[in-house]
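Below: one structure, written as structure tokens.
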Amino acid sequence: MTNQISKTTFLKYLRCPRAAAFEGDAAAIVRDYQRNLAHIGGEEKAKILEEETKEKLRQLFIRLIENDEGGAESEAEIESGDFDGLLKDDLTLKAMLSTYFKIEQLTAEKAKKTFGGQVLSGMRVGDQVIGQRYINLFKDGFNFHSFVDVVQEDDSAVRIIEAKSTTSKKFAELGPKKNKELCPIFERSPFGVLRLKEDFEDFKPFDKYYDNREKLMDRFRDVGRYVYDLAWQRYIIENSTDDKREYRYYLAVLNSDYVFDGRQDEKGENIYDADDLIVLVDLTQVTKDMLLIVDRDVNTVIDRINKPDFSRVPLEKPKCKINGSYDQCPWLKICMKDLMVPDKNSLYVYRGGHTGFGPASDKSKEKVQKEKIEELIWRGITKALDIDYDWLNDTQKVQYDVIKSGKTFVDKKVIKAMFKDLKYPLFHLDFETMNFPIPMYRGEVPYQQSLFQYSLHIERTPGVCDKEKDNVSFLSTGKTDDREEFIKSMIKNIPANQGGTVIVYNAIFESGRLRELIEMFPKYAVELNSILERIYDLKDILDPSKKIIADYEYLKSKPCTFNYYNESFQRSYSIKKVLPVFAPHLDYANLDEVHNGLDAQAAFMRLKYLEGKAFDETYKNMIEYCKQDTWAMFEIMQGLRKLINEK
DNA sequence: TCAGAGCTTGTTTCGGCAAA
DNA sequence: TTTGCCGAAACAAGCTCTGA
């Protein structure tokens, strides 16, 4: 039997030798699980199947990593919870399928318009896309295969187009900066195609042109990973066809400057101008230069499948995607355990630790090279307290002390002074948004954070606020463009003439949204500006930003940046880490349906299609979630008040 | 007057974090 | 997946000093 290797599988094997070895043995177990799950009836049975599968994986991994090099020891034993990520059904991905398909359709339209000829793309049947061009290459007993999103061809040329749901920005703005001015390495051709400057006749290479071009060829970079996909396709095609026509290779991405004009058809569906929304990026020359890299990678993958190697590998940030979320290595937890890196209070807990650790630099002597976290871990220094105290900066020393003593760090004097600057009534405000690749409403751009909900708790005098009575909110029904209703409701509840501080958590987000509203709805500019000017970031009280430090005389002399640090924060000041310390009784897990911002987005997507009781249920759950968010802010402030008034 | 060393200052790049 | 912000490192440019 020939081994089938899809592009996704290929990339999994390419991560590292150990990931490849794990993949081979674990993939069969995961495949079995998915097959059985499809035929199983009832939630309870599915739960049992999941537990059984995790136990199988656990047993497998205990065997795999307990090799002669040591491996996981009892204190860092592998738990079945370490496989959660592997078995999780990707709901977000499923919800996005129709959007990805829409982008492919628009790409086909654009290709037809730009180049004419024959255009072949997929057709949607349920959750499947059929009819795309199949490409494959047999090599050393393997079948490397893939589908091409869009193929355009005529008598003389074939154009291979890979559609990606990212924006043109990262290509259009690639290039060095000189005196704060960008020198892009791409330029729009008369046909509106983004091409490298070298493709134009009058090309003269400028400083750092080739450094930036190199970035396109590095699959661990933001731009490079898209280009790699295309180069892989090219490799398969060039090694499996003897077609003599000219082949050109393009990525299709969303134009970040596209503004949706709000046009709709008679059924109320949005009409997009494909020619304007889609940008083609010509990567023919770059992908050609990458063929050698891909060839080497293909041989590496074949080798790894034929000779699995389970031995330990050093962690590498860009490869393993440590701290990355969606593209993190699925085996990272296993490697971490194997290297004795604890879940809590590891070396990764230090703020600014990514730059490494080393002796404090002495101005009179030469600079000492810092050691990266991954190097230290490889040497067996894995816990936060393992590190030499003198190798830490002032902020990190505070973290060390907190872990060592188990006591929270609090600068009561500073927090007290910051509280004095608040003007009552306090408006605790929180937004929920939807960021869709393709804009939803008139005036929006790709990935616009489109506002659909807010919650507001009004605290008229210090410490006096009722969770129900003092709460107002707005939630769009999702069936129409309600943004103007949203604004009217908000400016009524936060009056411009009344004063009072507007409290938000992580102000960058809320102020950004307000500025966008002013841009799109200038007739409310005065009222919206009044809110914008009164915004105060609750996070600044715990962890002051640079701007706040500059504003407050008493913060300037502080060596450590924190005002408050608790061990359970694990360096993060996100509200989900902070809230449990101040209000352990407020648990997001107790809410129905919506537990975080991404759940709220998913619920809002459903809302559009719900009616009657189901609609009411989801609508209510969304209101409750957002209310909890602003109430949490009030509770954190109450906790801080109690703290600073203690003797 | 010039070249080179060493220092200071400014700019660019990078990685990480927060929100949804 | 996006945005903006931040701090540190890396790099670049300009200055002074020194010795010839």
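In what follows, chains are A, B, ... by sequence order, proteins preceding strands, each numbered from 1.
- With a 6.0 Å cutoff to the six-membered ring centre and a 45° limit on the axis angle, A:Arg513 counts as a cation-pi contact of A:Phe509.
- Nearer to the 5' terminus of DNA chain C, by closest-nucleotide assignment, is the contact made by A:Arg513 (compared with the other of A:Gly356 and A:Arg513).
- For the pair A:Lys177 NZ and B:dT12 P, the interatomic distance rounds to 7 Å; values are reported in whole Å.
- A:Asp537 has no carboxylate O lying under 4.0 Å from a charged side-chain N of A:Lys539, or vice versa, which leaves the two without a salt bridge.
- Residue contacts for A:Arg515: at a heavy-atom cut-off of 4.0 Å it reaches no nucleic acid atom on any strand shown.
- The A:Pro176 side chain lies nearest to B:dT13 when the options are C:dT1, B:dA19, B:dT13.
- Nucleic acid contact class of A:Lys215 (heavy atoms, under 4.0 Å, all strands): sugar-phosphate only.
- Rounded to a whole Å, the NZ atom of A:Lys372 is 10 Å from the C1' atom of C:dA8.
- Computed from coordinates, the A:Leu254 CG to C:dT1 P distance equals 12 Å when rounded to whole Å.
- To the nearest angstrom, P of B:dC14 lies 9 Å from NZ of A:Lys208.
- Rounding to whole angstrom units, CG of residue A:Asp543 and P of B:dG16 are separated by 18 Å.
- Counting any heavy atom pair closer than 4.0 Å across all strands shown, A:Gln449 reaches a base atom.
- Not one side-chain nitrogen or oxygen of A:Arg571 sits closer than 4.0 Å to the OP1 or OP2 atom of B:dG16.
- Contact annotation: A:Ser572 side-chain N/O to B:dA18 OP1/OP2 distance is under 4.0 Å.
- Between the side chains of A:Ser476 and A:Glu485, no donor-acceptor pair of N or O atoms lies under 3.5 Å.
- At B:dT13, none of the side-chain N or O atoms of A:Arg221 fall inside 4.0 Å of OP1 or OP2 (strictly under the cut-off).
- In this structure, OH of A:Tyr505 is placed 15 Å from C1' of B:dA20, rounded to the nearest angstrom.
- Using a 3.5 Å distance cut-off with no hydrogens or angles, the side chains of A:Ser450 and A:Thr433 do not pair a donor with an acceptor.
- Residue A:Tyr226 places at least one side-chain N or O under 4.0 Å from the OP1 or OP2 atom of C:dT1.
- Distances shown here put a side-chain N or O of A:Lys170 below 4.0 Å from the OP1 or OP2 atom of C:dT2.
- Across all strands, A:Thr166 comes closer than 4.0 Å only to sugar-phosphate atoms, never to a base (heavy-atom distances).
- Between the CD1 atom of A:Ile541 and the C1' atom of B:dA18 there is a distance of 17 Å, rounded to whole Å.
- In this structure, A:Lys397 forms a cation-pi arrangement with A:Tyr389, its terminal cationic atom sitting closer than 6.0 Å to the ring centre and no more than 45° off the ring axis.
- Side-chain contact annotation: A:Thr107 with A:Asp149, donor-acceptor N/O pair under 3.5 Å absent.
- Under 4.0 angstrom from either OP1 or OP2 of B:dA20 there lies at least one side-chain N or O belonging to A:Lys576.
- As a whole-Å value, the separation of A:Asn506 CG from B:dA20 P is 8 Å.
- Relative to the side chain of A:Ile508, the nucleotides C:dG4, B:dT12, B:dA20 differ in distance, and C:dG4 lies closest.
- For C:dT3, the OP1/OP2 oxygens have a side-chain nitrogen or oxygen of A:Lys169 closer than 4.0 Å.
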